[in-house]
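Everything on this sheet refers to the single structure shown next.
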Amino acid sequence: MVLFNEEIKFKKYKDLPSRINFLVQDRFAFASANIDLVKIIIQEVQTSSLIRKKLLLSFQPVLPEFINIIQAVLKKDDRVNKELREDVILRIIIAPIFT
């Protein structure tokens with residue numbers, strides 16, 4: 001499963017740094033274009049346990065792939081603690097989004 005609808009564009013980037021750069025720029029452009037919707041979703045996730053559960057369930061299929069990509073990037077960086085668990089990595093990445 002691909003994390004976004006532009007799979008064809010994504011495939012033209014062969015190396016990991018280029019793919020990550022494309023992914024970040026693509027998702028940032030999407031979020032910027034839909035900022036009102038993003039704010040509503042974040043507010044609902046923070047206040048509704050039902051919405052939070054449904055959102056987590058919808059992301060479950062792609063989370064392992066996402067974590068593997070992030071771990072591969074982090075393992076190549078000597079500044080990063082190699083002993084970080086997956087849940088800690090995920091928290092480090094997701095926490096700033098909700099603050």
Side-chain angles (χ1 to χ4, degrees):
M1 176 180 276
V2 177
L3 299 175
F4 47 87
N5 291 329
E6 299 188 22
E7 181 176 359
I8 295 169
K9 286 184 184 179
F10 186 71
K11 284 185 177 181
K12 78 178 184 178
Y13 298 98
K14 301 298 180 194
D15 63 328
L16 187 59
S18 297
R19 285 183 169 196
I20 291 172
N21 187 46
F22 167 75
L23 180 64
V24 169
Q25 287 180 351
D26 181 66
R27 295 298 83 197
F28 184 77
F30 174 83
S32 297
N34 298 286
I35 192 67
D36 292 335
L37 175 63
V38 171
K39 286 179 182 179
I40 291 169
I41 291 171
I42 289 173
Q43 289 172 349
E44 290 300 315
V45 166
Q46 290 176 333
T47 59
S48 170
S49 62
L50 178 62
I51 299 277
R52 195 168 35 253
K53 287 177 187 174
K54 286 185 177 188
L55 188 63
L56 286 173
L57 286 173
S58 69
F59 279 108
Q60 274 184 331
V62 296
L63 278 179
E65 178 185 0
F66 177 73
I67 290 171
N68 288 338
I69 291 169
I70 298 300
Q71 282 182 324
V73 170
L74 294 177
K75 284 181 181 180
K76 291 181 180 180
D77 191 334
D78 292 332
R79 300 170 296 177
V80 177
N81 181 350
K82 305 297 187 239
E83 302 300 319
L84 290 175
R85 295 185 327 262
E86 290 179 1
D87 62 317
V88 174
I89 293 170
L90 193 57
R91 191 176 311 126
I92 290 168
I93 294 166
I94 293 177
I97 295 171
F98 294 104
T99 58

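The first residue in the sequence is number 1, and the count goes up from there. FYI, side chains are in, hydrogens and waters are out, and symmetry mates aren't considered; it's all heavy atoms of this structure.
- Gln25 has its side chain out of reach of Phe28: every pair of non-hydrogen atoms, C-beta onward, lies at least 4.5 Å apart.
- Taking the side chain to side chain contact (heavy atoms under 4.5 Å, CB included) definition, one finds that Val88 meets it with Leu84, Arg85, Arg91, Ile92, sequence neighbours left out.
- Among residues two or more places apart in sequence or in another chain, the salt bridge (Lys or Arg N to Asp or Glu O under 4.0 Å) test is passed with Asp36 by none.
- The hydrophobic cluster containing Ile41 also contains Phe59, counting ILVMFWY residues as joined when their side-chain heavy atoms lie under 4.5 angstrom apart, directly or transitively.
- Residues Val62 and Leu55 fall within the same hydrophobic cluster, defined by Ile, Leu, Val, Met, Phe, Trp and Tyr side chains chained together at heavy-atom separations under 4.5 Å.
- The number of heavy atoms from other shown groups lying within 6.0 Å of NZ (Lys76) does not exceed 12.
- Between Arg52 and Gln46, the shortest heavy-atom contact is NH1-O, 3.5 Å.
- Under the side chain to side chain contact (heavy atoms under 4.5 Å, CB included) criterion, Glu44 pairs with Ile40, Thr47, Ser48, Ile51, sequence neighbours left out.
- Arg27 CZ to Ser32 OG: the interatomic distance, rounded to the nearest 0.5 Å, is 11.0 Å.
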